[in-house]
Amino acid sequence: MAFAMIPLSQWPCCCCFVLLMMMMMANYAESIGVNWGTQAAQDLHPTMVVQMLKDNNISKIKLFDSDHWTVKFFAGTGIEVMLGIPNDQLSRLTKYGNAKDWVKENVTSHMYDGGANIKYVAVGNEPFLKSYNGSHMKTTFPALQNVQKALNEAGLGDKIKATIPQNADVYDSGSDGPSAGDFRDDIRDLMVDIVTFLQDNKAPFLVNIYPFLSLYENPDFPVEFAFFDGGSRPVQDGNIQYTNMFDANLDTLAWSLKKSGTPNVKIIVGEIGWPTDGNINANTRLAQRFYNGFFRKMATKKGTPLHPGNIDVYLFSLTDENAKSIAPGSFERHWGIFGYDGKPKFALDFTGQWNSKMPVGAKNVQYLPPQWCALKAGINTSDDRIPPNIDYACRQSDCTSLGYGGSCNKIGTRGNISYAFNMYYQMNNQDVEACDFKGLAEIVKKNPSTPECPFPLALQSFGIRLNAGIVLSALTTFLVSIALF
Ligand SMILES: *[C@@H]1O[C@H](CO)[C@@H](O)[C@H](O)[C@H]1NC(C)=O
Ligand SMILES: *[C@@H]1O[C@H](CO)[C@@H](O)[C@H](O)[C@H]1NC(C)=O
Ligand SMILES: *[C@@H]1O[C@H](CO)[C@@H](O)[C@H](O)[C@H]1NC(C)=O
Ligand SMILES: *[C@@H]1O[C@H](CO)[C@@H](O)[C@H](O)[C@H]1NC(C)=O
Ligand SMILES: *[C@@H]1O[C@H](CO)[C@@H](O)[C@H](O)[C@H]1NC(C)=O
């Protein structure tokens, strides 16, 4: 009974220590941030998002733009905000005057007493992705410099830092482990200039790390290495053993920074997460395993071998986004810890204390009436008018749950058709004309959902933020009809 051996006089101290540990742990969730992307047919209202963050002790949010209407709902909440600048704005910001106007309109205007707590500006989003063929190579760094300069001149430079969210593909490690890492050859000089600038301005390096994508892109990737519970053959790098991809990846960046002469630039993980649908490895079971392993690791505040200590992270993502590009894969619309409607998908424990419970979902969510679009009763599923209509519905809406490994892959032919029709109908705000499909479809009041495969109901829109994709397709239809007549 080693326990009984502790002299009575030491008990209070011992309790203090335990209490202190508990307080530190409880605080952990408060240093978690989350990304909120809004590429969906309908988005949650920002006040609902603010409430969700508060209810789950999430204290930081990263946005992908700086929409004034959205940002103002974060005023007075204490929630730390990272604004985003989309890649298509970068070339404009190579002119200092434009950067100055950007800061004035999108930052300074929120800087009143009780305004928004803006802490970072993310300039571009993964601008050096190989798939962009170098399109943003000339504009990104000048835009970063101009935005920071404008922040400095507005007297905000000490509090607000500009940085660039980078994909982990800006550095390579080769097969020799993290210590062989360095920035990618084709952008190395540019990256050295950027990280030197970040160091001079005490700004962080933002990196997005995705073990899921390593697994998705490489069928030989050792599955266990993507998670945090060991079981995979460790990567030996000198004296260091890496047992998970996150540590190895982050340390490859740490080595790259070291080799660029900027070892002290702070690293922030700008995106990390696991999708739950649209691929054989994208499901709630693996997402739960990934997140809980990650939160337990974060709660120890040990960091990685080369970057010890607490690491700030932004989870990707808050909610699903049914209008995102699926160029990367069908899973791309399913990164949410919460569904499109703010419902939690699985139990987890942000504090890493093995005490998983369902996170608190969005409150006061307003749906459109409980009605769905389905294949009309009596129509034969082999009717040859069906394939082109499905094709149309799926291209204009979201059928990513129907594919192999998706949550709706086993609902049968009839279910497949109705699912596609319904997605189109809901994403078009239950417009009656969006449930016609040449007379093949009908509106039904009986919920066609199955336990594995919910048929979504649209959210009420706010009429303020119009979905760019839908506006665009409406515009195209309009132009096409003009051309025809
Ligand atoms: C948030 O933190 C408060 C105070 O530390 C705690 O009482 C509450 O249970 C936490 N909520 C969640 C969802 O973790
Ligand atoms: C402010 O941000 C919005 C949204 O990101 C953008 O459309 C607008 O052009 C920006 N304002 C200026 C003056 O650059
Ligand atoms: C990059 O180049 C490839 C091959 O030439 C092309 O298919 C792709 O559309 C290009 N991407 C961009 C963003 O320009
Ligand atoms: C549907 O059409 C196929 C092919 O034309 C036919 O073989 C089948 O019997 C039809 N099913 C029903 C329920 O009418
Ligand atoms: C439903 O559609 C998916 C995706 O196109 C396909 O993989 C699946 O085989 C279909 N199921 C049936 C029964 O037609």
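Each ligand, and each atom within it, is numbered from 1 in the order the structure gives. No experiment lies behind these values; they were computed from the predicted model shown.
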Examine E105 against ligand 2 and note whether any of their N/O atoms are separated by less than 3.5 Å. yes
Atoms of ligand 2 close to D101 [distance to a heavy atom under 4.0 angstrom, numbered from 1]: 13 (C)
At a 4.0 Å threshold, what atoms of ligand 2 neighbour a non-hydrogen atom of S66? 1 (C), 2 (O), 3 (C), 4 (C), 5 (O)
Angle class for the Y210/W335 ring planes (parallel below 30°, perpendicular above 60°, tilted otherwise)? tilted
Parallel, tilted or perpendicular: which one describes the rings of F455 and Y419, with boundaries at 30° and 60°? perpendicular
Applying a heavy-atom distance cut-off of 4.0 Å, which protein residues contact ligand 3? S131, N133
Is there a side-chain contact between Q148 and F197 in this structure, where contact means two heavy atoms from C-beta onward sitting under 4.5 Å apart? yes
Any side-chain heavy-atom pair from N429 and L368 closer than 4.5 angstrom? yes
Per side chain to side chain contact (heavy atoms under 4.5 Å, CB included), F141 is matched among I194, V123, I164, L90 by I194
Pairing donors with acceptors under 3.5 angstrom, does anything connect the side chains of Q371 and Q430? yes
Can a donor-acceptor pair be found between the side chains of E126 and N208 at a distance below 3.5 Å? yes
With a heavy-atom distance limit of 4.0 Å, tell me whether R92 approaches ligand 2 through its side chain, its backbone, both, or neither. side chain
Pi-cation contact, F338 with K343 (under 6.0 Å, within 45°): no
Any atoms of ligand 5 less than 4.0 Å from a non-hydrogen atom of N416? List them with their elements. 1 (C), 2 (O), 3 (C), 8 (C), 10 (C), 11 (N), 12 (C), 14 (O)
